[in-house]
Amino acid sequence: MIQVQLPDGSLHEYPDETTALDVAASIGERLAMATVAAEIDGTTVDAMRPLAELSDAEPIALRLLTTRDPEALGVMRHSCAHVMARAVMRVFPGVQLAFGPTIDNGFYYDIGLDQAIREEDFERIEQEMKAIVKAAEPFERFHLGRDEALSFCEELDQGLKVEHIRTGLAEHEELSFYRQGEFVDLCRGPHIPDAGRIKSFKLLSVAGSHWKGDAAAGRRLQRLYGTAWFSKKDQKAYLERMEEARRRDHRVLGKQHGLFSITAEVGQGLCLWLPKGASVRGRLEDFIKAELLARGYDPVYSPHVGRVELYETSGHFPYYRDSQFAPLFTHDAGQLVDGWIRRLEAGALGEKDEQALREAASVLGCDTAAYPLQGTQDERVSFLRHWELTQERFLLKPMNCPHHVQIYKSQPRSYRELPVRLAEFGTVYRHEQSGELNGMLRVRGLTQDDAHQFCTADQVEQEFRDTLELVKFVLAAVGLDDYRVQLSLRDSASDKYVGSEENWDRAESSLRNVLEETGLEYEECVGEAAFYGPKADFMVRDCIGREWQLGTVQLDYNLPERFELEYIGSDNRAHRPVMIHRAPFGSMERFVGMLIEHFAGAFPLWLAPEQIRVLPVSEDRHAGYAAQMNERMASEGFRVTTDLRSAKVQSKIRDAQLELIPYMLVVGDKEAAEGTVAVRDRIDGDLGMMPVDEAIARLREEADSRQVRQVVKSSFSAFEGESQADHEY
RNA sequence: GCUGCUGUAGCUCAGUGGUAGAGCGCGUCCUUGGUAAGGACGAGGUCAUGGGUUCAAGUCCCAUCAGCAGCUCCA
């Protein structure tokens with residue numbers, strides 16, 4: 001007999017072979033039906049395995065995982081991945097199984113297959129999956145020793161599994177498998193008792209991947225993504241959420257509403273801010289700038305390029321070379337010599353090529369007569385470097401700090417003027433891998449809302465507190481109030497960090513103190529800090545629950561050292577300041593991209609590129625009064641246009657609604673006669689006629705208080721079918 | 001960067017090796033209207049680019065460029 005303790009504390013006795021499923025059945029049939037897996041000693045396990053096999057504890061603390069538990073969802077999805085793999089093997093011969101894990105909201109399975117699986121094939125695979133689910137065959141676990149397991153996988157012709165046992169699982173003496181009908185997979189589990197527990201699933205996409213994530217090895221796999229749920233309703237809600245996210249895609253909305261443009265003509269990852277997008281950005285920048293001034297920042301400007309030496313000193317140029325635009329040389333031979341050095345250093349230069357480079361450099365005007373062709377690699381590199389140092393080399397700046405450091409150094413600093421806070425909307429260029437580019441969210445030219453604070457170690461805490469307040473204030477202005485902070489700390493066991501132990505301790509506890517004191521949700525990530533200092537990243541949740549990593553605050557003990565920054569302390573001696581990098585919103589590109597998705601393109605009044613549209617009822621009779629209203633609104637500081645097309649007012653309203661203009665002023669005979677306007681709100685519709693002054697007061701109040709109204713539609717039903725625009729925003 | 005998919009009018013997309021299409025938008029004209037689509041006519045294309053196969057290529061093949069999804073990366 002075994003003793004089992006349930007979460008309510010009750011103790012029960014069961015025969016030796018009892019499984020979690022048996023326990024559930026002993027409590028009730030419906031519970032057994034709903035039981036998907038079990039939790040013993042905090043780990044999720046198969047419900048169909050004998051409990052005695054899983055734990056030696058007396059009693060065994062058992063928690064049944066039912067369709068209500070999130071852990072159960074993961075188990076079921078993993079089983080669904082097996083079902084999918086089984087179905088794929090039925091449809092396509094010669095499938096090599098790789099890995100099929102659970103991910104957020106679903107699962108995937110990586111498979112090797114010569115033939116490309118296309119979305120058109122999903123239907124057939126899903127049909128097979130349905131048949132498998134309907135047959136509701138059990139998942140059966142069994143174990144094999146290493147040798148048996150290897151020959152078993154070889155028999156099954158699953159070469160990737162063989163390799164995985166040999167490499168990834170080299171230390172496992174015994175390997176577990178799950179059998180479901182004709183399908184057997186090397187797998188740690190756990191799984192659901194039988195396939196019938198999968199109530200709803202759908203294949204979502206297929207994409208390329210690599211064996212063990214190693215692209216260099218060049219072993220391509222196909223990754224099939226799917227989702228699965230315990231009810232059709234949950235799945236439908238999930239798919240609707242996905243659809244909602246897709247509908248908000250800033251790349252689509254940005255094009256539709258003329259906010260920004262990224263084209264091949266201009267260059268990959270290089271964003272053009274169209275007038276309307278520039279307007280939104282301008283409002284945000286003005287707003288942030290005003291805040292910075294109020295908080296004691298000094299705005300500065302710096303050029304878009306800087307001498308390479310700056311970034312060599314900072315250490316970034318060599319380290320991030322691959323993700324930077326190539327340096328600019330004023331000498332024709334610059335690029336050539338640069339490539340030459342890199343080839344030498346990589347040891348990838350043959351004698352013949354070296355001779356050719358020498359001649360070419362000479363043709364381009366670099367005197368290589370004294371080049372030590374017979375010398376060591378170091379001697380040759382140093383000859384070239386010496387020449388390079390006599391040349392001007394520039395870099396499109398990949399970050400603003402070196403320039404700001406130079407501004408700090410432009411005069412001697414006293415402790416009395418600290419902290420020095422230098423702020424700039426600084427545009428930087430990074431040559432991101434082409435596959436990483438994504439609309440405005442990942443670009444190659446971006447403008448950071450950057451600032452560098454130079455302060456003493458005891459000022460760090462206050463500076464961090466101020467930055468948090470700034471972030472809070474600005475995020476509130478755009479209706480974002482759900483965010484958390486990821487605090488990255490050092491791993492005290494490692495010695496890769498610069499800066500004194502004492503400074504780190506002090507800084508880390510300062511950051512933690514401030515976070516505690518603000519009551520912000522935060523998590524500590526030990527070992528995630530940069531080598532030069534701890535950092536705090538802001539994770540913001542938008543109105544449909546997606547999390548965005550926006551800004552960051554980073555302490556830096558490295559650059560002050562490398563650039564030999566100093567200030568004169570009260571003791572009349574030189575001290576090294578601490579430097580704080582902070583870009584609370586990351587980049588304007590990313591922030592505005594996120595806002596487009598957050599607002600689904602419908603910006604609040606204070607940010608809307610076009611705030612008001614005047615709609616004359618009759619184009620020829622009311623054009624004069626409309627022009628008068630337009631002028632009045634413009635003189636009150638609103639961004640306003642007038643729709644002078646000879647269309648019906650209904651049609652003009654429809655267009656303005658679809659263009660997400662916050663307010664429409666309908667003007668006709670009545671309004672012209674009485675000096676009023678009929679106000680239509682994008683959200684609430686017709687507000688009726690009112691005196692112009694009242695309309696102005698109302699809109700001004702909304703804009704000045706930066707009110708954010710109706711960020712998200714509560715119901716998704718409006719998006720179904722063709723009538724998607726009905727009363728939408 | 002790697003893998004897969006895609007590239008046709010300003011936008012969204014049809015298009016079977018044999019004459020280039022639709023809806024929306026745009027222009028002109030008619031219409032002058034009261035809170036989500038008035039009507040007629042019209043313009044608009046080197047089918048991403050460059051090669052190839054073929055009597056014939058938007059369609060098939062190769063390369064390049066770009067986009068999308070994923071992988072890998074992100075100071």
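Just so it is clear: chains get the letters A, B, ... in the order the sequence lines come, proteins before strands, and each one is counted from 1.
- Nearest-nucleotide assignment on RNA chain B puts the 5′-proximal partner with A/Arg444, out of A/Arg444 and A/Arg251.
- Side chains of A/Gln554 and A/Tyr532: a donor-acceptor N/O pair is present below 3.5 angstrom, by distance only.
- Between A/Arg223 and A/Asp686, the residue whose closest nucleotide on RNA chain B is further toward the 5' end is A/Asp686.
- Rounded to a whole Å, the CG atom of A/Asp620 is 14 Å from the P atom of B/G34.
- Of the nucleotides present, B/A40 is the one that pairs with B/U28 by Watson-Crick or G-U wobble criteria, both distances under 3.5 Å.
- A 3.5 Å limit on both hydrogen-bonding distances identifies no Watson-Crick or G-U partner for B/U16.
- Nucleotide B/U49 forms a pair with B/A63, judged by Watson-Crick or G-U wobble geometry with both contacts under 3.5 Å.
- Taking only side-chain nitrogens and oxygens, A/Ser651 comes nearer than 4.0 Å to OP1 or OP2 of B/G38.
- The residue A/Glu671 sits close to a base: some heavy atom pair falls under 4.0 Å.
- Rounding to whole angstrom units, CD1 of residue A/Ile612 and P of B/U35 are separated by 21 Å.
- In a base pair of the Watson-Crick type (N1 to N3 plus N6-O4 or O6-N4) or a G-U wobble (N1-O2 and O6-N3), with each distance short of 3.5 Å, B/C71 is matched with B/G1.
- When the side-chain nitrogen and oxygen atoms of A/Arg621 are compared with OP1 and OP2 of B/G33, one or more of them lie within a distance under 4.0 Å.
- Going from atom CG of A/Leu615 over to atom C1' of B/A37 covers 14 Å, rounded to whole Å.
- In the set B/G34, B/C26, B/A69, the nucleotide with an atom closest to the side chain of A/Arg645 is B/C26.
- A/Tyr225 places its OH atom 17 Å from the P atom of B/C68, with the value rounded to the nearest Å.
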Please write out each protein N/O paired with an N/O of nucleotides 73-75 of chain B under 3.5 Å, distance rounded to 0.1 Å.
from  : atom 1 : to       : atom 2 : distance (Å)
B/C73 : O2     : A/Arg442 : NH2    : 2.9
B/C73 : N3     : A/Glu436 : OE1    : 3.2
B/C73 : N3     : A/Arg442 : NH1    : 3.3
B/C74 : O2     : A/Arg442 : NE     : 3.4
B/C74 : O2     : A/Arg442 : NH1    : 3.4
B/C74 : O2     : A/Arg442 : NH2    : 3.1
B/A75 : O4'    : A/Tyr320 : OH     : 2.9
B/A75 : N6     : A/Ser323 : O      : 3.2
B/A75 : N6     : A/Ser323 : OG     : 3.1
B/A75 : N1     : A/Gln324 : NE2    : 3.4

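- Residue A/Asp669 is classed as a base contact, given a heavy-atom separation below 4.0 Å to a base.
- Among the atoms of the strands shown, base atoms are found under 4.0 Å from some heavy atom of A/Val666.
- No side-chain N or O of A/Thr227 forms a donor-acceptor pair with one of A/Asn105 less than 3.5 Å apart.
- Dashed line: the shortest gap from a side-chain N or O of A/Lys255 to OP1 or OP2 of B/U12 is under 4.0 Å.
- Distances shown here put a side-chain N or O of A/Ser434 below 4.0 Å from the OP1 or OP2 atom of B/G1.
- For A/Gln235 (side chain) and A/Phe201 (main-chain N/O), a donor-acceptor pair under 3.5 Å exists by modelled atom type.
- Computed from coordinates, the A/Leu437 CG to B/A69 P distance equals 12 Å when rounded to whole Å.
- A/Ala647 comes within 4.0 angstrom of a base, heavy atoms only.
- A donor-acceptor contact under 3.5 Å links the side chain of A/Glu619 to the base of B/U32.
- When the P atom of B/A36 is taken as reference, atom CD1 of A/Ile653 falls 6 Å away, rounded to whole Å.
- B/G15 sits 14 Å from B/G45 when the C1' atoms are compared, rounded to a whole Å.
- Atom CZ in A/Phe122 sits roughly 16 Å away from atom P in B/G4 (whole-Å rounding).
- Using a 4.0 Å heavy-atom criterion, one finds that A/Ala678 contacts the bases of the nucleic acid, with or without backbone contacts as well.
- Computed from coordinates, the A/Arg246 CZ to B/C68 C1' distance equals 12 Å when rounded to whole Å.
- Using a 4.0 Å heavy-atom cutoff across all strands shown, A/Gly685 reaches no nucleic acid atom at all.
- At a threshold of 4.0 angstrom between heavy atoms, the contacts of A/Gln268 are confined to the sugar-phosphate backbone, with no base atom among them.
- In a base pair of the Watson-Crick type (N1 to N3 plus N6-O4 or O6-N4) or a G-U wobble (N1-O2 and O6-N3), with each distance short of 3.5 Å, B/G23 is matched with B/C11.
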